[in-house]
Every structure is written in C-alpha cells, then in structure tokens.
Protein chains: 2
Amino acid sequence: MPSSVQRKRVRKTPAARRAEIVAAAARVALTEGLECITLRRIAEDLDVRPGLISHYFPSAEELVAEAFGQAAGRELDALLPNERTEGSPAHYLARFFALATGAAYDDVSRLWINARHLSRYRPALRERVGVQEAAWRERFTAVIEDGVRDDGFRTDSPVLTAIHILVVLDGLGAQANSRTVDRPQAVALLAVTTAERELGLESGTLSRLADELTEADLARD
Amino acid sequence: MPSSVQRKRVRKTPAARRAEIVAAAARVALTEGLECITLRRIAEDLDVRPGLISHYFPSAEELVAEAFGQAAGRELDALLPNERTEGSPAHYLARFFALATGAAYDDVSRLWINARHLSRYRPALRERVGVQEAAWRERFTAVIEDGVRDDGFRTDSPVLTAIHILVVLDGLGAQANSRTVDRPQAVALLAVTTAERELGLESGTLSRLADELTEADLARD
DNA sequence: TTGCTTATTGGTCGAGCACTCAATAGCATC
DNA sequence: GATGCTATTGAGTGCTCGACCAATAAGCAA
C-alpha cells in the first residue's frame with residue numbers, strides 16, 4: 001500500500017478551513033510579507049493542494065487583503081487591548097510605547113509599509129488598509145479621551161493628537177527594512193516624546209512608566 | 001524593402017546608452033513603481049531589445065537600485081537645491097514645504113514607500129535607500145545649520161531636528177497610496193508645524209512664507 | 001575599401017505565478 | 001450498508017519574469 005502516491009484527504013467544514021487559510025496567510029504576511037502569500041505557499045503550509053485555496057478565495061487578492069486585516073487587527077489588540085478593566089490610560093499608553101519601541105515591533109512596521117505600498121496596485125487591500133487605519137486611530141482616540149477625563153491628559157482634539165502620534169510612529173517604522181545601525185535615543189523616543197508633549201504631560205512621564213513595566217505587563221495575551 | 005521585418009539598429013556609446021537606460025528606469029520608478037522596472041518594459045520605452053538592458057545591467061536588481069537613486073536624488077535637488085546663492089534658509093525651507101504639501105509630492109512619497117518596502121528583499125536597493133536617506137538628512141541639516149547661524153533658528157542639534165522633520169514627512173507620506181479623502185488642515189501642516197516648533201520659530205512663520213511664494217519660486221529648474 | 005571591435009539583436013530556457021475544471025473521496029444521513 | 005452532497009484533488013493552461021548566448025551589423029581605424 002503506497003502511502004505517498006495517494007494523498008490522504010482531510011475534510012473540514014468550510015468555516016474551519018477558511019479560518020485556517022486566513023490564519024496561515026496572516027502569519028506569512030507578518031513574518032515574510034504580503035507578496036509571499038501565494039496559492040502554492042499557503043497550500044504547502046496547510047498540506048493541501050493549491051486548488052483548494054482558490055476554491056475558498058477565487059481571487060488571490062482577496063486573501064491578501066483578508067490576511068492583512070487579520071494580522072493588523074490582532075497586533076492592535078495585542079498592543080492596545082480594547083477592554084481596559086484595570087490600569088490607567090497612561091499605563092495603557094506606556095505599555096504600547098514599551099512594545100512599539102522594541103525590536104518585536106519591527107514586524108508590525110514592515111507589515112504596514114508592505115500594505116501601504118502594495119495597496120497602490122490592489123484595490124481590495126487598499127480598502128482594508130483604510131479600515132485598519134481607522135481602527136488604530138479610533139483605538140488611540142478612545143484611550144486619549146479616557147485620559148482627558150480621568151488621567152490629566154490635556155488636548156484640544158483627541159483625534160488630531162492620535163493622528164499626530166500615529167504619523168510619527170509611521171515615520172519611525174518606515175526605516176524598519178533599511179535601518180542597520182541603532183538610531184540615537186532621542187529619535188527612538190520620538191513617538192513617546194510626541195505623545196507626552198501633545199497630551200500636556202510632563203516630559204518623561206510616559207517613558208518612565210514604560211520603563212517600569214515588568215515582563216508580565218508586556219506579555220501578550 | 002520590408003521595414004518592419006528588419007530592425008534598424010542604433011549604436012550608441014556605452015556611457016550614453018547606460019545613462020538613457022537609467023533615465024528611463026527612473027521615470028518608470030517615479031510614475032509607476034519600482035516593480036514596473038522590467039527588462040521588457042524599459043527596452044520597449046527605448047525601442048531596443050530586452051537583451052540589451054541585460055547587457056548593461058547583468059542583474060536587474062542593480063538597475064532598480066540605480067533608478068531609485070537617480071529618481072530620489074533628482075527630487076531632492078528639485079525640492080531643496082544644493083546651492084543657495086540667494087534667499088534665506090527660512091525661504092528655502094518654506095519653498096520645500098510648499099512643494100511637499102502639494103499633490104505633486106505624492107509621487108515622491110510613493111517612491112519612498114516603494115523603495116522602503118522593496119529594500120526588504122533587495123540588498124542593492126537597501127543600500128541605495130541608506131545613501132539617499134543620508135543625502136536628504138544632510139541636506140536638511142545643512143540648511144538648518146545655516147539658519148541657526150544667519151536666520152534665528154534655535155535648536156540644540158540640527159541633525160536631530162532634521163531627522164524629526166523627515167520622520168514626520170515619512171509618516172505623512174505613508175498614506176500617499178491609501179488616502180482618498182482630504183485630511184484635516186492641521187494634519188496636512190504637521191511637517192511645517194513641527195519644523196517651526198523644533199526650530200524655535202514663531203508659529204506660522206514658515207507656512208506664511210510658503211503661502212507667499214509665487215509660481216515662479218516653486219518652478220523646478 | 002577592408003577589417004575589427006563590440007553594441008545590439010533574436011530566440012530560447014526554466015521558474016513561478018493565478019486560475020480553471022472534471023474527477024475523486026470524505027462524511028453525514030438515511 | 002448504501003446514497004448524496006461537496007470538500008478536495010490532480011492535471012493542465014497561459015502568462016510574465018530574469019537570464020543566457022550565438023549570430024549580426026554599426027561604425028571606427030587602417
């Protein structure tokens with residue numbers, strides 16, 4: 001009985017298989033890039049035939065868009081969780097900056113650059129980028145509004161402040177693929193410095209909070 | 001005498017042909033993207049055979065890197081000319097921001113996103129990106145140093161200020177491919193506002209100068 | 001005019017890509 | 001145990017890409 005000549009088929013429910021495909025694609029998106037999401041590559045990861053991927057995603061572009069959405073969405077949830085049951089807004093922001101300053105954030109920066117470029121040619125992806133931009137912006141805006149109410153943040157416009165911080169983050173992240181040597185400390189801290197200034201916080205407030213966070217605080221859920 | 005069956009050959013000096021190829025590739029890079037620089041595409045633009053491009057650039061990646069370098073370098077020269085025979089540093093900066101805020105700058109933003117992403121996979125391009133980053137940074141630093149000397153700019157570190165401005169520009173440019181609706185004025189002015197603050201200039205100084213520039217001032221040389 | 005150098009051509013190769021579709025087999029239901 | 005639905009396969013199509021190379025002809029030098 002030849003085992004290799006005849007493939008063993010594993011039959012799953014459409015919902016489960018689809019989720020599995022998107023998860024595999026999101027993993028590739030985050031680690032290797034959106035261009036590496038090919039029918040063959042994802043099929044190989046899941047040990048199925050390429051035709052099956054086409055069955056669930058008649059257009060490969062749709063899978064790329066979905067993969068980006070899932071990857072970016074999950075990262076946002078890990079960096080700035082939606083439910084803030086404990087901890088002040090300042091602590092949540094500090095945790096974000098602690099994570100976003102580390103090397104582990106490079107994958108996220110790369111993903112965003114990747115998506116922003118590729119969306120030039122892929123309308124479906126472009127639409128997803130817009131959705132995720134809005135999600136990140138709104139998540140930040142909400143934290144800032146909480147901080148204005150409870151934590152002494154001072155800003156005329158929470159949403160403009162959120163955008164300002166995100167613009168600086170994007171600008172710093174732009175170098176994730178080319179930066180070889182370390183950058184000056186003042187540059188690495190540009191995002192958190194901008195946040196402190198724009199939120200009317202004493203210089204060093206957030207970065208000091210970020211430094212005090214333990215490994216457990218930073219651990220992803 | 002069939003005219004189309006037999007191609008007429010135009011024989012040029014290696015230096016001239018090479019320059020012509022790079023110029024065509026740089027044009028494609030700026031208008032359509034670095035991925036569109038293919039042997040066939042450039043050959044068609046120049047009305048030669050693809051093999052000829054391979055002859056001058058045995059590795060296509062080298063041509064892509066060269067095209068980016070030329071395109072980015074020329075744009076820098078157009079936006080912030082090297083020789084400042086007349087006009088104050090503030091005027092030079094104002095002219096830059098006037099140009100960099102307009103829609104015409106979108107092609108430049110797109111080029112940078114493109115290069116920053118693609119350099120993830122292309123070492124030769126990554127190296128060129130580093131060179132151009134340094135060139136842009138140094139050009140800005142020089143203008144700022146001049147302004148500190150002659151024009152009342154105040155900053156502890158011209159180079160850090162230059163980096164800060166460039167980071168904000170990169171962050172704003174990141175949306176060049178996805179932004180569909182206009183952004184708030186305060187966001188569009190983020191770069192010039194950052195420059196004014198970091199250079200110790202009265203708020204509105206540079207943007208007012210930028211508004212006063214005539215078409216002739218903005219015209220490219 | 002003749003000859004030589006080499007810029008340029010034309011054709012080819014293999015790899016990787018998305019997409020299509022009839023045939024097959026897993027599995028729930030009866 | 002038989003049946004029907006459909007998830008999955010296998011095989012194939014056509015496309016674009018970079019790279020390679022022997023043959024050709026442009027134009028300079030003698």
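Reminder, nothing fancy here: chain letters follow the sequence lines and each chain counts from 1. Keep in mind that this is a model prediction, so the values were computed, not measured.
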Just how far is it from atom CG of B/Asp47 to atom CG of B/Leu52, taken to the nearest 0.5 Å? 11.5 Å

Just N and O in the side chain of B/Tyr56: are any of them under 4.0 Å from OP1 or OP2 of C/dA7? no

Rounded to whole Å, CG of A/Asp47 lies from C1' of D/dT8 at a distance of 12 Å

Is the shortest distance from a Lys or Arg side-chain nitrogen in B/Arg116 or B/Glu133 to a carboxylate oxygen in the other one below 4.0 Å? yes

Take atom CG of A/Leu52 and atom C1' of C/dT24, then tell me their distance rounded to the nearest Å. 14 Å

What one-letter contact string describes nucleotides 14-22 of chain D from 5' to 3', where B marks a base within less than 4.0 Å of any protein heavy atom, S marks contact via sugar-phosphate atoms alone, and - marks no contact? ---BBS---

May I ask you to say what B/Arg9 touches in the nucleic acid, namely base, sugar-phosphate or nothing, with a heavy-atom cut-off under 4.0 Å? base

Side-chain N or O of B/Arg11 closer than 4.0 Å to phosphate OP1/OP2 of D/dA25: no

Whole-Å distance separating the CZ atom of B/Arg49 from the P atom of D/dT24: 17 Å

Once you round it to whole Å, what is the distance between C1' of C/dC17 and CG of A/Leu34? 16 Å

Could you tell me whether B/Arg74 and B/Asp77 make a salt bridge, using a distance below 4.0 angstrom between a side-chain N and a carboxylate O? no

How long is the line joining CD1 of A/Ile21 and C1' of D/dT8, in whole Å? 11 Å

Point-to-point distance, once rounded to the nearest 0.5 Å, from CD of B/Glu32 to CZ of B/Arg110: 12.0 Å

Return the value, rounded to whole Å, for the distance between atom NZ of B/Lys8 and atom P of D/dA26. 9 Å

Applying salt bridge (charged side-chain N to carboxylate O under 4.0 Å, His left out) to A/Arg41 and A/Glu44, what does each step give before you reach the verdict? CA-CA 5 Å; A/Arg41 172 61 203 277; A/Glu44 194 180 357; 5.3 Å; no

Donor-acceptor side-chain pairing of A/Ser178 and B/Ser119 below 3.5 angstrom: no

Here the distance between atom C1' of D/dT9 and atom NZ of A/Lys12, to the nearest Å, is 16 Å

Please round to the nearest 0.5 Å and tell me the distance separating atom CZ of A/Phe57 and atom CD1 of A/Ile42. 10.0 Å

Any A/His55 side-chain N or O less than 4.0 Å from OP1/OP2 of D/dT8: no

